[in-house]
There are 2 protein chains.
Amino acid sequence: MQTADLKMSEKEKKILDAAIGVISEKGFSAASTSEIARQAGVAEGTIFRYFKTKKDILRGILMHLGNVIAELLVVYGLKKILFHEGHEDLRSGIKGVLKDRMAMIDAVFPMLRIVITEAMYHEDIRQILYDKIISRAVEVFAEYHREMVDKGLMKGEIDAVVAGRSILANLVLFFVYRNLFGPMIELDDYDRELDQVIDAIMHGIAMPENCDKK
Amino acid sequence: MQTADLKMSEKEKKILDAAIGVISEKGFSAASTSEIARQAGVAEGTIFRYFKTKKDILRGILMHLGNVIAELLVVYGLKKILFHEGHEDLRSGIKGVLKDRMAMIDAVFPMLRIVITEAMYHEDIRQILYDKIISRAVEVFAEYHREMVDKGLMKGEIDAVVAGRSILANLVLFFVYRNLFGPMIELDDYDRELDQVIDAIMHGIAMPENCDKK
DNA sequence: TTGTTGAGTGAGTAATCACTCATTTTTTGG
DNA sequence: CCAAAAAATGAGTGATTACTCACTCAACAA
């Protein structure tokens with residue numbers, strides 16, 4: 001995963017990339033500016049020309065994730081997959097999203113890990129995360145949800161937020177289970193498990209009680 | 001949330017409680033042993049009589065969560081609620097679990113935050129987490145799942161792991177959304193939203209396509 | 001009383017931290 | 001080609017870190 005913001009010098013990119021690598025490995029507090037500098041191939045002083053404080057590096061990573069990735073991950077990606085790729089029915093739409101998002105998460109995992117960790121501890125980071133990514137994602141999904149409800153493919157009684165969260169939630173835990181706890185579990189076949197996850201998202205884990213609408 | 005393991009001196013308990021508080025506030029690396037000592041009301045040297053290194057304090061917290069809380073949180077609680085409290089039908093069973101677990105998560109959130117954060121970065125912590133808590137939770141839920149499938153209340157096609165994960169996933173994101181991002185969102189009515197979450201878990205977010213079994 | 005023990009202490013230690021700044025190197029404009 | 005400006009450097013700074021250890025002192029036994 002490369003950083004590639006527009007107004008950014010070569011050195012700044014190198015520093016940010018190195019920072020993402022080091023911080024994602026050891027956590028923000030345990031990552032030292034000296035190691036980031038070494039990893040980036042610059043002097044320690046150079047870091048502080050581009051980022052006034054260490055915390056500003058973190059903000060830089062957040063902004064980067066917000067600006068570049070969110071655009072790719074949320075707006076462009078979701079819209080394209082949900083609306084324009086010939087997935088008319090809900091199931092293949094969701095399956096497309098999940099598979100695509102799964103690969104995405106893999107690619108941006110270092111950055112995500114940093115942001116998620118820091119968001120758990122600092123309200124200001126949470127606020128940026130919400131403004132830059134979550135609110136936009138909710139917006140896009142709400143549009144999709146409205147459309148699906150109109151088509152009679154999704155339940156109107158369940159709000160967009162809850163529905164979207166259900167998809168995200170299952171996706172995240174699926175990822176965590178496989179990628180973080182994978183080594184200590186004998187894993188099921190990937191596609192089979194993903195199909196079950198989609199079933200759970202779409203139709204739930206309970207037996208359908210009856211067929212007449214309540 | 002008090003620590004209360006059996007073989008533990010008064011001082012050790014105080015240190016562990018203080019450590020949970022401080023580490024949960026600032027994260028493991030940013031938490032200093034000097035502050036933990038101050039918070040516990042002991043000398044800094046005393047800490048190292050009970051815990052050889054700072055990382056041993058973390059292990060102490062993990063063990064504490066594993067031994068004392070996991071029993072309460074997962075095994076005892078789940079079994080009681082799922083099997084013995086007159087919730088014969090699936091819906092009220094799940095609702096009971098969710099509400100109960102929600103309050104629990106609130107209570108042990110400081111400890112959970114520490115463990116989750118460190119588990120994201122360290123395989124050894126993840127291994128302990130899996131052995132002490134996750135594997136046990138999976139075991140208990142699998143038993144419940146089998147019973148529910150036999151009764152015709154839960155789908156047999158969806159594995160216990162996927163089903164359990166779906167419940168946990170929705171629960172976790174519901175909690176995160178409300179407790180971490182709550183301040184920056186105008187929140188829906190709690191019970192109404194919880195009902196929707198349960199609906200999503202039980203019957204999914206898609207419209208049921210047809211009524212004949214495939 | 002005297003001697004022994006061990007929990008508890010807190011000043012001390014070397015290492016490391018984020019950050020600064022005087023200096024050097026590179027780039028730029030005429 | 002040169003001087004001015006900008007960028008990059010890395011030794012240096014005070015603060016802080018996890019951890020040590022010589023010590024205190026209350027409790028108990030002889």
Side-chain angles (χ1 to χ4, degrees), chain A residues 3-64 114-115 117-118 121-122 124-125, chain B residues 3-64 114-115 117-118 121-122 124-125:
Chain A
T3 61
D5 277 338
L6 294 172
K7 287 288 166 200
M8 225 186 229
S9 78
E10 203 60 38
K11 283 263 155 70
E12 194 173 355
K13 276 190 242 174
K14 279 198 168 187
I15 292 170
L16 212 54
D17 276 336
I20 290 169
V22 175
I23 296 176
S24 180
E25 277 301 310
K26 338 229 300 190
F28 179 72
S29 289
S32 66
T33 50
S34 68
E35 190 174 347
I36 292 172
R38 197 175 343 111
Q39 197 74 223
V42 302
E44 202 172 345
T46 309
I47 288 180
F48 294 94
R49 295 194 73 78
Y50 293 99
F51 304 94
K52 269 168 60 184
T53 66
K54 192 188 171 191
K55 182 144 194 178
D56 277 330
I57 303 176
L58 186 62
R59 270 189 275 267
I61 293 174
L62 241 178
M63 290 305 176
H64 182 59
I114 296 169
V115 171
T117 304
E118 296 311 312
Y121 289 92
H122 307 291
D124 56 330
I125 301 294
Chain B
T3 60
D5 278 339
L6 294 172
K7 286 288 167 202
M8 225 186 229
S9 78
E10 203 59 39
K11 284 266 154 68
E12 195 173 355
K13 274 191 244 176
K14 279 198 168 186
I15 292 170
L16 212 54
D17 276 335
I20 291 170
V22 175
I23 297 176
S24 180
E25 277 301 311
K26 339 226 302 188
F28 179 73
S29 289
S32 66
T33 49
S34 68
E35 190 174 347
I36 293 172
R38 197 175 342 113
Q39 197 74 223
V42 302
E44 201 172 345
T46 309
I47 288 181
F48 293 95
R49 295 194 77 76
Y50 292 98
F51 304 94
K52 270 168 59 184
T53 67
K54 191 188 170 191
K55 182 144 194 180
D56 275 331
I57 303 177
L58 187 62
R59 270 189 275 266
I61 293 173
L62 242 178
M63 290 305 176
H64 182 59
I114 296 169
V115 171
T117 304
E118 297 311 312
Y121 289 92
H122 307 292
D124 56 332
I125 302 292

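Below, read A as the first sequence line, B as the second, and so on, with proteins coming before strands; counting in each chain starts at 1.
Annotation: proximity of residues 22-33 of chain B to DNA chain C (heavy atom, distance under 4.0 Å) is found for no residue.
Rounded to 10 degrees, the angle between the two end axes of the helix from C:dT1-D:dA30 to C:dG30-D:dC1 is 10°, with five pairs used at each end.
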Could you walk me through whether A:Thr46 and A:Lys14 pass the side chain to side chain contact (heavy atoms under 4.5 Å, CB included) test, one step at a time? CA-CA 11 Å; A:Thr46 309; A:Lys14 279 198 168 187; over 6 Å; no
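One finds the NZ atom of B:Lys13 at 10.0 Å from the NE2 atom of B:His64 (value rounded to the nearest 0.5 Å). Summarising the geometry, atom CD1 belonging to A:Ile61 is positioned 9.5 Å from atom CG belonging to A:Asp17; distances are rounded to the nearest 0.5 Å.
Taking A:Leu58 as the reference, A:Phe28, A:Ile114, A:Glu118, A:Ile125 meet the side-chain contact (heavy atoms from CB on, under 4.5 Å) condition, with sequence neighbours excluded. Scanning for salt bridge (Lys or Arg N to Asp or Glu O under 4.0 Å) contacts around B:Lys52 gives an empty result, with sequence neighbours left out. Checked against side-chain hydrogen bond (donor to acceptor under 3.5 Å, both in side chains), B:Thr33 has the following partners two or more places apart in sequence or in another chain: B:Glu44. Legend: residues meeting salt bridge (Lys or Arg N to Asp or Glu O under 4.0 Å) with A:Arg59, ordered by chain and number and at least two apart, are A:Asp56.
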Per-nucleotide protein contact string for nucleotides 22-28 of chain C (B base, S sugar-phosphate only, - none; heavy atom under 4.0 Å): -------
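Contact footprint of chain B on DNA chain D: nucleotides with an atom under 4.0 Å from a non-hydrogen protein atom, first to last in 5' to 3' order, D:dT17 to D:dT20.
Each of C:dT20, C:dC17, C:dT9 was ranked by its minimum atom distance to the side chain of A:Phe48; first place goes to C:dT20.
Within the nucleic acid shown, B:Tyr50 comes within 4.0 Å of sugar-phosphate atoms alone, with no base atom in reach, counting heavy atoms only.
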Are there any protein N/O atoms within less than 3.5 Å of an N/O atom in nucleotides 12-14 of chain C, and if so, which ones and at what distance?
none

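Of all heavy-atom pairs spanning A:Tyr121 and B:Ile23, the tightest one is CE2-O, 3.9 Å.
For the pair B:Tyr50/B:Leu16, no side-chain contact is recorded, criterion being any heavy-atom separation below 4.5 Å from C-beta on.
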For residues 34-42 of chain A, please give each side-chain donor-acceptor pair under 3.5 Å, one per line with the distance, not counting sequence neighbours.
from    : atom 1 : to      : atom 2 : distance (Å)
A:Ser34 : OG     : A:Ser32 : OG     : 3.1
A:Glu35 : OE1    : A:Lys26 : NZ     : 3.1

